[in-house]
Amino acid sequence: MSDDMANCGYKLASVLLTRGEIEDRIGKIASAIADEYRGETVVFVCILKGASVFMADLIRGLGASVDARIDFMAVSSYGNSDSTSGVVKILKDMDSSAEGKNIVIVEDIMDTGLTLNYLQGVIRGRSPKSLKTVVLLEKPDRRQIDCQLDHVGFKIPDKFVVGCGLDYAGMWRHLPDIWCLQEA
Ligand code: IMP
């Protein structure tokens, strides 16, 4: 174990979702999205860094019937804390224009909903042809704001999770399964 892992105050507790379960579910979401956009061009906007692993799995499941393009945004999140600040700031914007395009926001998790609500507002303001949002995880008990989710991988309890792109203080993103943390 690294010094950072040893000193961060948390450790891995138990597996909440296995890689197999995650793969199956993402495959189903990718098929559904491919059906929705058959023959169309779609820009999938990955919200860095947490959604990077989900995004890679999702777009590989789409197949050739969709003209899928990718773009990236980065927003400020929790830093090293495990509770939301409510402050959202764009650190990196899309490279391409959203105007007149089918846009799908790809996010790792909806917790309070503040981040997605903000991002949806920003992209909607750019006059896309359509806007949908897909999240790998949703914590319904934590939601503070109503925002539209078109596809949800899994609804999970109010626990802090890591793996499959999700981190705590930059750690554990690389784990194939999704784990709950517990105090060390
Ligand atoms: P929201 O604005 O409260 O919905 O927070 C969304 C962001 O918080 C996500 O993109 C994640 O970066 C982070 N987040 C919320 N819950 C978790 C968690 O359980 N594990 C890792 N990151 C989380």
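Just so you know, ligand 1 is whichever comes first in the structure, and atom 1 is the first atom listed for that ligand. Sequence positions, counted from 1, serve as the residue numbers for this chain.
At a heavy-atom cutoff of 4.0 Å, ligand 1 is contacted by no atom of R142, backbone or side chain. Residue-level proximity to ligand 1 for L166 is carried by the side chain, the only part with a heavy atom below 4.0 angstrom.
In this model, a donor atom of one side chain and an acceptor atom of the other lie less than 3.5 Å apart for T133 and Q120. Using modelled atom types and a 3.5 Å distance limit, the side chains of D177 and T18 yield no donor-acceptor pair.
The backbone N or O of G113 lies less than 3.5 Å from no partner atom in the side chain of N117, so there is not a single donor-acceptor pair.
When each atom of ligand 1 is checked for a heavy atom of K139 under 4.0 Å away, the hits are 16 (N), 17 (C), 18 (C), 19 (O). Which parts of ligand 1 touch T112 is read off a 4.0 Å heavy-atom cut-off, strictly below it: atoms 1 (P), 2 (O), 3 (O), 4 (O). With ligand atoms numbered from 1 in the order given, ligand 1 contributes 19 (O) to contacts under 4.0 Å with heavy atoms of K159. Numbered from 1 in the order shown, with element, the atoms of ligand 1 that lie under 4.0 Å from a heavy atom of E107 read 10 (O). Close approach of ligand 1 to D108 (heavy-atom distance below 4.0 Å) involves ligand atoms 9 (C), 10 (O), 11 (C), 12 (O). Taking every non-hydrogen atom of T115 and a distance limit under 4.0 Å, the qualifying atoms of ligand 1 come out as 1 (P), 2 (O), 5 (O), 6 (C).
Residue contacts with ligand 1: D167 is included, with a non-hydrogen atom under 4.0 Å away. Using a 4.0 angstrom heavy-atom cutoff, G113 counts as in contact with ligand 1.
By the neighbour-count criterion of 12 heavy atoms within 6.0 Å, atom NZ of K139 is densely surrounded, having more than that number from other residues, nucleotides or ligands.
Under the side-chain hydrogen bond (donor to acceptor under 3.5 Å, both in side chains) criterion, S96 pairs with D71, sequence neighbours left out. Taking the side-chain hydrogen bond (donor to acceptor under 3.5 Å, both in side chains) definition, one finds that K129 meets it with E40, sequence neighbours left out.
Between the CD atom of E107 and the CG atom of L137 there is a distance of 10.0 Å, given to the nearest 0.5 Å.
The two residues F160 and D167 have their closest heavy-atom pair at CE2-O, 3.5 Å.
Note: no N/O pair closer than 3.5 Å links F160 and ligand 1 by distance alone.
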